[in-house]
Amino acid sequence: MHNMNTEKNFKSGFVSIIGRPNVGKSTYINQVIGQKIAIMSDKPQTTRNKVQGVLTTSDAQIILIDTPGIHKPKHKLGDFMMRVATNTLKEVDLILFMINAVEGFGRGDEFIIEKLKTVQTPVFLVINKIDQVHPDELLSIIDDYKGLYDFSEIIPISALEGQNTDRLLQQIKDYLPEGPQYYPADQITDHPERFIVAELIREKVLHLTREEVPHSIAVVIEKMQKSQESEKIHVMATIIVERSSQKGIIIGKQGSMLKEVGKRARLDIENLLGSKVYLELWVKVQKDWRNKLTQLRDFGFREDEY
Ligand SMILES: Nc1nc2c(ncn2[C@@H]2O[C@H](COP(=O)(O)OP(=O)(O)OP(=O)(O)O)[C@@H](O)[C@H]2O)c(=O)[nH]1
Ligand SMILES: [Mg+2]
């Protein structure tokens, strides 16, 4: 049973963050939650699944939903990602449409605004990365977007540096209805630890590789259990790639790349689990997995769960 908070005037609700790839949606969620639950990278299309971050305060519970960046799908995985992003819009109490202050208006935004016009939910325009532009430029960005949709609020922030994020959080609370506490106060995400562990490994590959490699991988956790000989948690994971050339890149010269991925991932996983970790990584080729529905399901991309 959840620890229901019955205090009067307690507010709660679901808030979906939508936007083009790379605008900083995952960075914002992590900033609010104060821990890395959604992986981040400078490569577009980092987020693939819906990730919920839960923030509980004395007077409210905000469930923030991170979604994959809106882009034109090139394979079945891309189709899945777009459905995950747009399906959430109907079911939430508030939508944050996030844009990047550095880039101007783009085709992806046009598509998102068309989607927004089909729902009744209030929408905030959140202009992120203001640490990278001169304040004068903000006015022209606001002008570009203001005429396209009747936004409930327009809020410039820097998710990375935390500028104005308190104000945004207050505005979110103002728009939420009175409601129950859905999750226990100490729960920060709806995803099982296994999922986040797999994502942390994928994040390191995203950071360390280039070109087609980052997008062609999936990570599957084969085993995660406390080892009997030591206090460590034994994590065994397989990195799936599409071609044997990519397998070579991920393993690296004499295993150097895989070793580096493992070293960096282990530190993050230890942080997440609060325990020492023994991380064992394998690499396997599964041709064209991003286009095979059965494989997508095997790797955890299940639409019925979203
Ligand atoms: N300068 C600056 N960089 C930021 C800010 N917020 C995010 N970034 C950077 O922008 C890049 C993309 O951030 P993510 O949070 O992964 O973006 P996303 O919108 O989740 O991207 P997808 O999951 O691919 O849709 C990362 O390199 C972040 O460090 C910000 O406020 N200022
Ligand atoms: Mg993301």
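Atoms considered below: every heavy atom in the structure, side chains included; atoms not considered: hydrogens, waters and symmetry mates. Atoms within a ligand are numbered from 1 in the order they appear, just like the ligands themselves.
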Handout entry: Protein residue, atom and distance nearest to atom 21 (O) of ligand 1, heavy-atom basis
Key = N22 N, 2.9 Å
Problem - ligand 1 versus I157: contacting region, heavy-atom distance under 4.0 Å - result: neither
Handout entry: I172 versus F124, closest heavy-atom pair with distance
Key = N-CE2, 3.9 Å
Exercise for the section: Provide the number and element of each atom of ligand 1 under 4.0 Å from a heavy atom of S41. Expected result: 11 (C), 12 (C), 13 (O), 16 (O), 26 (C), 27 (O)
Exercise for the section: Return yes or no for this condition: an N or O of P44 is under 3.5 Å from an N or O of ligand 1. Expected result: no
Problem - Contact flag S26/the Mg ion (ligand 2), N/O/S atoms, threshold under 2.8 Å - result: yes
Fill in the blank from the handout: atom 6 (N) of ligand 1 sits nearest the protein heavy atom N128 ND2, 3.2 Å
Problem - Protein residue, atom and distance nearest to atom 25 (O) of ligand 1, heavy-atom basis - result: K25 NZ, 2.9 Å
Practice task
Answer yes or no for T47: is there an N/O/S atom below the 2.8 Å cut-off from the Mg ion (ligand 2)?
Solution key: yes
Exercise for the section: Please confirm whether T67 comes within less than 3.5 Å of ligand 1 when only nitrogen or oxygen atoms on both sides are compared. Expected result: no
Completion exercise
Looking only at protein heavy atoms, what sits closest to atom 1 (N) of ligand 1 is D131 OD2, 2.9 Å
Handout entry: Nearest-neighbour protein heavy atom for atom 30 (C) of ligand 1, which is reported as residue plus atom name and distance
Key = L160 CB, 3.3 Å
Problem - Aromatic ring proximity, centroids under 6.0 angstrom, Y149 and F97 - result: no
Exercise for the section: Output the list of atoms in ligand 1 that are nearer than 4.0 Å to some heavy atom of Q45, sorted by atom number. Expected result: 24 (O)
Problem - Exceeds 12 heavy-atom contacts within 6.0 angstrom, atom CG of D150 - result: no
Practice task
Enumerate the atoms of ligand 1 whose separation from the nearest heavy atom of T46 is less than 4.0 angstrom.
Solution key: 22 (P), 23 (O), 24 (O)
Practice task
Going by heavy-atom distance to atom 28 (C) of ligand 1, choose the closest among T27, T47, V102.
Solution key: T27
Problem - ligand 1 atoms in contact with D42 (distance to a heavy atom under 4.0 Å) - result: 27 (O)
Handout entry: N/O separation below 3.5 Å, A159 to ligand 1
Key = yes
Exercise for the section: Under 4.0 Å from a heavy atom of G69: give me the atoms of ligand 1 that qualify, with their elements. Expected result: 25 (O)
